Each structure stands twice: as structure tokens, then as C-alpha cells.
Amino acid sequence: MQQRGGLEKVGGLALGLAMGAVWLVGLAQPRTPTYYQDVKPILEAQCVGCHKPGGIAPFSLTEPQDAVARAQLIVAVTASGRMPPWPPGPDSPEFLDQRKLTEAQKATLAAWAQAGAPLGQK
Ligand code: HEC
């Protein structure tokens with residue numbers, strides 16, 4: 001009897017830990033990124049200087065459908081560091097106003113594309 005009570009306690013503890021872990025994961029990823037809330041500000045800050053109608057890049061990223069249609073490609077070029085172009089290279093010292101995405105911004109773009117590139121609320 002003693003022993004079984006002990007096992008139940010261990011089981012209860014394991015369940016408590018599991019629920020705590022689920023709660024923590026929920027805190028770390030509060031919601032799916034959306035175009036209007038998360039992606040548009042990144043594109044506006046880092047991409048549309050070139051990716052605009054008449055810009056030097058071959059296509060525009062100013063409209064929601066531009067970004068949605070190229071979500072996977074955007075993730076590929078930002079994850080690899082090819083875009084935004086940064087001629088000083090990845091190992092250069094920091095510059096003011098440098099054109100670089102943070103790891104968090106890259107992760108936001110990836111999570112957005114993964115979720116099917118939702119537009120969200122304006
Ligand atoms: C300094 C100007 C400039 C900026 C800033 C810039 N791009 Fe580009 N981008 C270009 C040019 C020029 C090309 C076409 C030549 C090439 O593919 O390298 C291009 C090509 C691309 C392509 C097509 C790649 C392919 O394989 O067809 C994607 C996708 C892209 N850019 C996404 C982005 C994203 C996302 C950002 C912002 C994070 C960004 N770019 C910022 C100039 C820019």
C-alpha cells in the first residue's frame with residue numbers, strides 16, 4: 001500500500017511537470033504571426049526600398065499578395081542571408097542602420113510561411 005501511494009505521487013508529479021511544459025511552450029509561442037501584424041513591418045523596414053514598383057529588385061513586395069505569393073521564397077532567401085543584400089558580409093562589424101534581419105525576424109517570417117502565410121487583421 002505504501003508503495004502504491006508513492007507511485008501515485010510520482011505520477012501526479014509527472015503530470016504536473018508535463019502540464020507546466022505545455023504552458024511554457026504556450027508562453028514562448030503566443031500566436032501565429034500574420035502579414036499585417038508581423039510581416040509587413042519587417043518587409044517595409046528591410047525589403048521595399050528595393051522591392052517596390054520601379055525599384056531595382058525584379059519584383060515588388062509592397063502589396064500583401066506579393067508577399068503571400070512568395071512566402072516560401074522569402075523564407076529561403078532570408079534564412080540563407082541572401083536577402084536583404086548586405087555587401088559588407090556577415091562577419092563585418094556592426095553599422096548604424098545596417099540592412100540585416102535579426103534571428104527573431106527570420107523566425108517570424110518562417111513561422112508565418114509555415115502557417116500558410118495568413119494575412120490577419122489590419
Ligand atoms: C538593396 C536592394 C534589396 C533589398 C533591400 C532587398 N532585396 Fe531582394 N532582391 C534584390 C535584387 C536586385 C534581386 C534580384 C537579384 C537577385 O536575386 O539577387 C532580389 C531578389 C530577391 C528574391 C528572389 C530570389 C530568387 O531566387 O529568385 C527574393 C525572394 C527577395 N529578393 C526577397 C527579399 C526580401 C524578403 C528582402 C527583405 C528582407 C529583400 N529581398 C531585400 C534587391 C534587394
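Atoms within a ligand are numbered from 1 in the order they appear, just like the ligands themselves. From a predicted model like this one, the values you see are computed outputs, not experimental measurements.
Residue contacts with ligand 1: Thr78 is placed with no nitrogen or oxygen under 3.5 Å of a nitrogen or oxygen of the ligand (distance criterion only). Residue Arg82 has at least one N or O atom closer than 3.5 Å to an N or O atom of ligand 1.
Using a cutoff of 4.0 Å between basic side-chain nitrogens and carboxylate oxygens, Asp38 and Arg31 are scored as salt-bridged.
Looking at Pro58 against ligand 1, only its side chain comes within 4.0 Å, counting heavy atoms. If you look at Arg70 next to ligand 1, there are no close heavy atoms at all, none under 4.0 Å.
Of all protein heavy atoms, the one closest to atom 23 (C) of ligand 1 is Phe59 CE2, 3.6 Å. When only non-hydrogen protein atoms are considered, atom 21 (C) of ligand 1 lies nearest to His51 CE1, 3.4 Å. The shortest contact between atom 5 (C) of ligand 1 and any protein heavy atom is with Gln46 O, 3.3 Å. Scanning the protein heavy atoms around atom 20 (C) of ligand 1, the nearest turns out to be Met83 CE, 3.4 Å.
Less than 4.0 angstrom separates atom 15 (C) of ligand 1 from none of the non-hydrogen atoms of the protein.
Annotation: side chain of Thr34 is not in contact with side chain of Leu119 (no heavy-atom distance under 4.5 Å). No side-chain heavy atom of Thr78 sits under 4.5 Å from any side-chain heavy atom of Ile42. Two residues are said to be in side-chain contact when any heavy atoms from C-beta on lie closer than 4.5 Å; Asp66 and Phe59 fail this criterion.
Note on Cys47: not counted as a metal contact of atom 8 (Fe) of ligand 1, no N/O/S atom lying under 2.8 Å.
Using bins of under 30°, 30° to 60° and over 60° for the plane-to-plane angle, the ring pair Tyr35/Trp112 lands in the tilted bin.
The hydrophobic clustering, which links ILVMFWY residues whose side-chain heavy atoms are closer than 4.5 Å, places Val48 and Leu73 apart. Grouping the Ile, Leu, Val, Met, Phe, Trp and Tyr side chains by contacts below 4.5 angstrom, directly or via other members, places Val77 apart from Leu43. The cluster map of Ile, Leu, Val, Met, Phe, Trp and Tyr, joined by side-chain heavy atoms under 4.5 Å apart, puts Val75 and Met83 in different clusters.
In Gln121, the CD atom is not crowded: 12 or fewer heavy atoms of neighbouring residues, nucleotides or ligands sit closer than 6.0 Å. Around atom CD of Gln114, no more than 12 heavy atoms belonging to other residues, nucleotides or ligands sit under 6.0 Å away.
Residue Cys50 holds the heavy atom nearest to atom 42 (C) of ligand 1 of all those in Ser80, Ala71, Cys50. Of the candidates Ile56, Leu73, Leu61, it is Leu73 that places a heavy atom closest to atom 29 (C) of ligand 1. With distances taken over non-hydrogen atoms, the option nearest atom 4 (C) of ligand 1 out of Pro84, Ala67, Pro85 is Pro85.
For the ligand labelled ligand 1, residue Gly49 lies outside the 4.0 Å heavy-atom shell.
Close approach of ligand 1 to Val77 is summarised as follows: ligand atoms under 4.0 Å from at least one heavy atom of the residue are 24 (C), 28 (C), 29 (C), 30 (C), 32 (C). Every atom of ligand 1 with a heavy atom of Ile74 under 4.0 Å away is listed here by number and element: 35 (C). Near Arg99, meaning under 4.0 Å from one of its heavy atoms, ligand 1 places the atoms 1 (C), 5 (C).
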Item to check | Residue pair Thr62, His51: steps toward the side chain to side chain contact (heavy atoms under 4.5 Å, CB included) verdict | outcome: CA-CA 7 Å; Thr62 52; His51 289 270; over 6 Å; no
